[in-house]
Amino acid sequence: MGMNVGGNSGGLHTEINITPLIDVVLVLLIIFLVTMPITMKMVTIEVPRKIDEQVEVATTAPIVVKVLASLQIELEDEGRKQSVNAPDLATTLRPILEKKLSEKVVFVDFEDQVPWSEVILTMDAIRSLSPKENPDDVKVALKLRPDPSAADQ
Amino acid sequence: MSASVHVRGHRLSGGRKPKLDQVRNDINVTPLVDVVLVLLIIFMVVTPLMARGREIPNLPKTRHHSQEKDHLQPVVAIDKEGNLWYDQVKLGPVDDKSLAEMGEKIQRSWDAPKDPDGAGKVYVKASGELTYKQVYPLLVYLNKEKLVGSIDLATGEVKE
């Protein structure tokens with residue numbers, strides 16, 4: 001009798017419930033499928049060649065953002081220099097860029113000890129000023145040093 | 001295996017012949033699970049292989065990066081020790097010699113591009129722990145020697 005009861009309850013559900021497993025696996029599969037089309041995430045920095053640079057400088061006074069080793073930012077626009085804290089860079093730059101009707105180019109320069117992550121963050125902040133529909137509107141350009149082999153200016 | 005126990009259980013308890021729909025009421029999902037698991041494993045294996053070049057664990061993270069299709073352009077990387085890599089090949093610390101070697105490899109890749117859109121482009125991965133001084137020579141080299149006018153700097157995505 002007791003054995004019968006045991007056999008009965010065992011006979012009701014002997015297999016594991018795999019439905020949650022399938023759910024999880026399917027969701028994982030969908031996640032992988034979505035992330036699959038490999039795209040390369042990048043911020044593009046323009047590096048003017050010698051000739052281009054001279055043309056650029058001749059036509060318009062460039063906006064120059066210089067990040068110091070202390071991570072303080074020196075912003076130069078039409079000969080006027082101002083000091084900006086890193087988090088305020090975007091808000092300070094916005095009105096300056098809006099006045100520019102021609103190509104919006106911001107030159108960036110960094111002191112030697114600035115971490116690379118900070119370099120990219122600065123470029124990211126400048127790129128954030130582009131309108132959503134045209135994310136490459138504002139271009140970031142590298143300010144080349146007079147002598148590339150020299151460590152710093 | 002389990003099916004036979006199932007049937008016997010009914011026979012023992014009820015003593016009646018099981019109804020047809022009691023034998024197996026649900027769909028057999030085992031093949032489905034098999035297929036899905038195999039697919040999953042294939043994707044898990046292939047995905048890391050798709051990211052090209054030397055893996056750099058802490059790329060700087062950005063919000064306003066652009067996402068572009070892979071044009072099979074050359075991928076160069078500088079790891080956190082300051083070593084230069086072309087694809088998966090270690091070229092040693094960034095200096096004139098390693099840069100020249102990289103330049104040759106880049107030129108070879110451009111001369112026989114696997115994707116015409118990739119010619120003239122370089123994808124640069126640099127660890128966030130480096131300083132500007134360690135990456136600047138590479139950017140200057142690409143500009144001066146390889147005449148790259150716009151350099152694509154690799155970033156990661158800010159995950160919230």
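Just so we're clear, the structure is a prediction, and the values are computed from it rather than from any experiment. Here is the naming used below: chain letters follow the sequence lines, and residue numbers restart at 1 for every chain.
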Counting only heavy atoms not in [X], do more than 12 sit closer than 6.0 Å to its [atom1] atom?
| X | atom1 | value |
| --- | --- | --- |
| B:Lys114 | NZ | no |
| A:Asp23 | CG | yes |
| A:Lys41 | NZ | yes |

Less than 4.5 Å to any heavy atom of chain B: does that hold for the side chain of [X], its backbone, both, or neither?
| X | answer |
| --- | --- |
| A:Ile18 | side chain |
| A:Ile45 | both |
| A:Leu28 | both |
| A:Val43 | both |

Option that, when pairs with chain A are counted at under 4.5 Å, heavy atom only, ranks first among [options]:
| options | value |
| --- | --- |
| B:Val33, B:Asp152, B:Val36, B:Leu139 | B:Asp152 |
| B:Ile151, B:Leu40, B:Val29 | B:Ile151 |
| B:Ser66, B:Pro60, B:Ala154 | B:Ser66 |

Which answer fits [X], side chain, backbone, both or neither, if we ask what part of it has an atom under 4.5 Å from a heavy atom of chain A?
| X | result |
| --- | --- |
| B:Thr30 | neither |
| B:Glu157 | both |
| B:Val75 | side chain |
| B:Lys125 | neither |

Over all heavy atoms of both residues, which pair between B:Ala126 and B:Ile56 is shortest? Give the atoms and the distance, please.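 Smallest heavy-atom distance, with atoms named: C-CG2, 4.1 Å.
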
For A:Leu89 and A:Ile73, which heavy atoms make the closest approach, and how far apart are they?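 Taking every non-hydrogen atom into account, CD2-CD1, 3.9 Å.
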
Residue pair [X] / [Y], side-chain donor-acceptor N/O under 3.5 Å:
| X | Y | value |
| --- | --- | --- |
| B:Gln107 | B:Lys146 | yes |
| A:Gln72 | A:Ser83 | yes |
| B:Asp95 | B:Ser98 | yes |

